[in-house]
Amino acid sequence: MSEIRVTTISDTAGTGPVTLTKQEAAKAWINFNGTGTIATRDSLNVSSITDRGTGKFTITFATAMGNTNYNSVASATVGGADNYNRMAGAASNSTNFSYLNTFAQGTNSELYDADYTSATFHGDLA
């Protein structure tokens, strides 16, 4: 069995590491506090997040997606001892941004701010 061990895979010019732009790696993701004054904990290819009201956010990409058919996956949790799960949904609305909504679970599924909110976006970059 063969094994490859490397520290850095360089580009064809040998001047820097290769970025995963053509493979099926996530092209953008964000983890943020969605309550009170929203704050990004960490992200990739996200230039900003906007609070549009209770449970409503806009995630703006630093580098645009190639088309509006990218895939998005989102999750939301309220912290504390019980870590209540919430529903979250991201919509591929634009090549430059995506709307993200978080909801309380239950029959009404009303919009709700969540302590721990995250989203990942897969597709081609522009």
Minimum side-chain heavy-atom gap K27-F121 below 4.5 Å:
no
Using side-chain heavy atoms (C-beta onward) and a distance below 4.5 Å, is L100 in contact with T117?
yes
Full working for side chain to side chain contact (heavy atoms under 4.5 Å, CB included) between L125 and M65
CA-CA 4 Å; L125 294 175; M65 301 299 281; 3.9 Å; yes
Pairwise distance CG(D51) to CD1(I38) - rounded to 0.5 angstrom:
4.5 Å
Any chance you could measure I49, atom CD1, to R52, atom CZ, to the nearest 0.5 Å?
10.0 Å
Taking ring pair (Phe, Tyr, Trp, His ring centres under 6.0 Å) as the definition, give me every residue that meets it alongside Y99, ordered by chain and number, with sequence neighbours left out.
F97
Using 0.5 Å steps for rounding, measure from the OG atom of S72 to the NE2 atom of H122.
9.5 Å
Value for CG (L44) from OG1 (T63), rounded to nearest 0.5 Å, stands at 9.0 Å
Do the non-hydrogen side-chain atoms of N93 and T58 ever get within less than 4.5 Å of each other?
no
Between N45 (side chain) and F61 (backbone), is there a donor-acceptor pair under 3.5 Å?
no
Closer than 3.5 angstrom, by distance alone: can the side chain of S43 be matched with the main-chain N or O of W29 as a donor-acceptor pair?
no
So K56 and L111, do their side chains get closer than 4.5 Å, heavy atoms only?
yes
Any residue meeting ring pair (Phe, Tyr, Trp, His ring centres under 6.0 Å) with Y112, in chain and number order, not counting sequence neighbours:
none
Just checking, is any N or O donor in the side chain of T35 or N33 under 3.5 Å from an acceptor N or O on the other one?
yes
Compare every heavy atom of G123 with every heavy atom of Y70, then report the nearest pair and how far apart it is.
CB-CA, 4.1 Å
Minimum side-chain heavy-atom gap T40-I30 below 4.5 Å
yes
What pairs with F32 under ring pair (Phe, Tyr, Trp, His ring centres under 6.0 Å), at least two apart in sequence or on another chain?
F57
Is it the case that T60 and S47 place a side-chain donor and acceptor less than 3.5 Å from each other?
no
